[in-house]
Protein chains: 2
Amino acid sequence: MRPREFDHDDVLRIAFDQFWRKGVRGTSLSDIARDAGVQRGSLYNAFGSKEALFLQAYERYAGDYLIALQKALGTGSLRKRLTAFFDLTITNFRAGSPPRGCPTTRGLMELGSVEGEGLDEEARQAFANLVARITALVQDTLSAGAERGEFSGNPAAAALHIITVTRGLAVLERAFSDEPQLRKIAAHTIDLVLGKKGG
Amino acid sequence: MRPREFDHDDVLRIAFDQFWRKGVRGTSLSDIARDAGVQRGSLYNAFGSKEALFLQAYERYAGDYLIALQKALGTGSLRKRLTAFFDLTITNFRAGSPPRGCPTTRGLMELGSVEGEGLDEEARQAFANLVARITALVQDTLSAGAERGEFSGNPAAAALHIITVTRGLAVLERAFSDEPQLRKIAAHTIDLVLGKKGG
DNA sequence: GAAAGTATTTGACACGGTGTCAAGAAAATG
DNA sequence: CATTTTCTTGACACCGTGTCAAATACTTTC
């Protein structure tokens, strides 16, 4: 056996950073290889393909992100939790300069996988999976809130609505890049879901 | 002068169909040229670049779509109008088999234009422009509804919320492809905005 | 400690995409 | 009918992905 000359995890981090900034299609393995100080061929040897590399890098990110979310959703009144949730969401896709947007949403839309083109089914599932997990997290939060009398609606429907709004925010962020506006929409959504008066 | 051997508009239609199905990056000018029965070089001569061709094709689509929207938003009670609006929205990105998704949202997210990569600023503006126009349309509808006593909230905030939801729906459509679910979310949104009881 | 074994690295290659360009072809104009 | 102007066509440079065989460097085994 000959040992790897690079750190698997480092490459994953570097790769995801590039994918996040420039999109999957917009990032070449040469870019990543240069940035990581690794030969392009070595990346193929270690990961198989650009898509497989992306997938691993994305799964890594998704895990970290879920943990951060759980933390944000874990304390305070229901209103506080939802506020923290939207906060983290917006902060996440406004990070970097210029902001890089939401990697999940960008990835999901980039896979034009409709006709053999774009990222494949496996990638789509990875994206959908994160969205589903986040939805479940929000739904649990709402259910708990309902038990404490902080919420009176249907947790499943409300969670889906909230997730839809966050995905919409990720899109509007690309269109207008107006962060205060995004936060206003988020606040408005919380008011709608909890009822305007103090929830 | 030597006349064109192809119809400008036909090519635009054919090109947009491909772009819509496979994404901008996923569509090659060779594909379009083959489909349109035109030489690749002629496309460059007539449109300048792939991006410019896409832009023209998209503007064409955007015009048609706006007209259809105006029609959908033009009759009945406020609730009926909003229902028709969501209907057209969902129907639009569920068209084709397999469904092609929302071209605006897909385009917007595909331009990773963060770092010189992806579609350029001009394309971003075209997408953002359509979103802004649709928002204005919805806002006008809500304002008119408010004047007739069908709506009591803030039309600007509500319109923005509704648009955000439609963008979110476009994203979820890619993730889950579950049309009934999308329509449920839409109905739920109308209820939230108008107040559950009959609006 | 030397030799064999094995996974990694490296560079060359095929292929397909974008975009450019010069030369050929087809109408309009005088 | 020649000229002009524009379109068409095919060749080219360049960059991206992905594959492969040969070279390399570390481990294991004797």
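The sequence lines fix the lettering, A, B, ..., with proteins before strands; numbering per chain opens at 1.
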Kindly write out the residues that satisfy salt bridge (charged side-chain N to carboxylate O under 4.0 Å, His left out) with A:Glu5, not counting sequence neighbours, or none if the list is empty.
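Counting only residues at least two positions away or on another chain, A:Glu5 forms a salt bridge (charged side-chain N to carboxylate O under 4.0 Å, His left out) with A:Arg2.
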| For B:Asp178, what residues pass the salt bridge (charged side-chain N to carboxylate O under 4.0 Å, His left out) criterion, not counting sequence neighbours? |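 Checked B:Asp178 against salt bridge (charged side-chain N to carboxylate O under 4.0 Å, His left out); zero matches.
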Spacing of [X] atom [atom1] relative to [N] atom [atom2], expressed in whole Å:
| X | N | atom1 | atom2 | result |
| --- | --- | --- | --- | --- |
| B:Leu53 | C:dG17 | CG | P | 16 Å |
| B:Arg2 | D:dT8 | CZ | P | 6 Å |
| B:Phe19 | C:dG17 | CZ | P | 13 Å |
| A:Asn45 | D:dA21 | CG | P | 14 Å |
| B:Leu43 | D:dT9 | CG | P | 11 Å |
| B:Tyr44 | C:dG19 | OH | P | 4 Å |
| A:Lys50 | D:dT17 | NZ | C1' | 8 Å |
| B:Arg25 | C:dT18 | CZ | P | 11 Å |

**Item:** side-chain N/O A:Arg4 vs C:dT8 OP1/OP2, d < 4.0 Å
**Value:**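 A:Arg4 to C:dT8 OP1/OP2: side-chain N or O found under 4.0 Å.
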C:dT9 phosphate, OP1 or OP2: any side-chain N/O from A:Ser42 under 4.0 angstrom?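 Checking C:dT9 against A:Ser42, a side-chain N or O does come within under 4.0 Å of OP1 or OP2.
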Practice problem: Just do the side chain to side chain contact (heavy atoms under 4.5 Å, CB included) check on A:Arg167 and B:Val165 with the steps written out, would you? | Solution: CA-CA 8 Å; A:Arg167 296 310 95 192; B:Val165 170; over 6 Å; no
Could you list, one pair per line, each protein nitrogen or oxygen that sits under 3.5 Å from a nitrogen or oxygen of nucleotides 10-13 of chain D, together with the distance?
residue	atom	partner	partner atom	Å
D:dG10	OP2	B:Gln39	NE2	3.4

Is there a residue in residues 5-13 of chain B whose heavy atoms reach under 4.0 Å of DNA chain D, and which residues are they?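 Within this stretch, B:Glu5, B:Phe6 sit under 4.0 Å of the strand.
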- prompt: Should the ring pair A:Phe54 and A:Phe19 be called parallel, tilted or perpendicular, given that the plane angle runs from 0 to 90° and is split at 30 and 60?
  reply: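 Because their plane-to-plane angle is over 60°, the rings of A:Phe54 and A:Phe19 count as perpendicular.
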Between B:Leu29 and B:Pro3, just flag the one whose closest nucleotide in DNA chain C comes earlier from the 5' side.
->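 Of the two residues, B:Leu29 wins.
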Sidechain N-carboxylate O distance under 4.0 Å for B:Arg79, B:Glu150
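B:Glu150 and B:Arg79: not salt-bridged.
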(Q) Closer than 4.0 angstrom, basic N to acidic O: yes or no for B:Arg13 and B:Asp17? (A)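 The answer is no: the pair does not qualify as a salt bridge.
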Qualifying residues under ring pair (Phe, Tyr, Trp, His ring centres under 6.0 Å), relative to B:Phe93, sequence neighbours excluded: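 Here no residue qualifies.
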- [ ] Give the intermediate values and the outcome of salt bridge (charged side-chain N to carboxylate O under 4.0 Å, His left out) for residues B:Glu173 and B:Arg94.
- [x] CA-CA 8 Å; B:Glu173 190 272 333; B:Arg94 292 292 296 171; 2.9 Å; yes
Summary of salt bridge (charged side-chain N to carboxylate O under 4.0 Å, His left out) pairs that have at least one residue in residues 61-72 of chain A, sequence neighbours excluded =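 For residues 61-72 of chain A, and leaving out neighbouring residues, the salt bridge (charged side-chain N to carboxylate O under 4.0 Å, His left out) pairs sorted by first residue read A:Arg60-A:Asp64.
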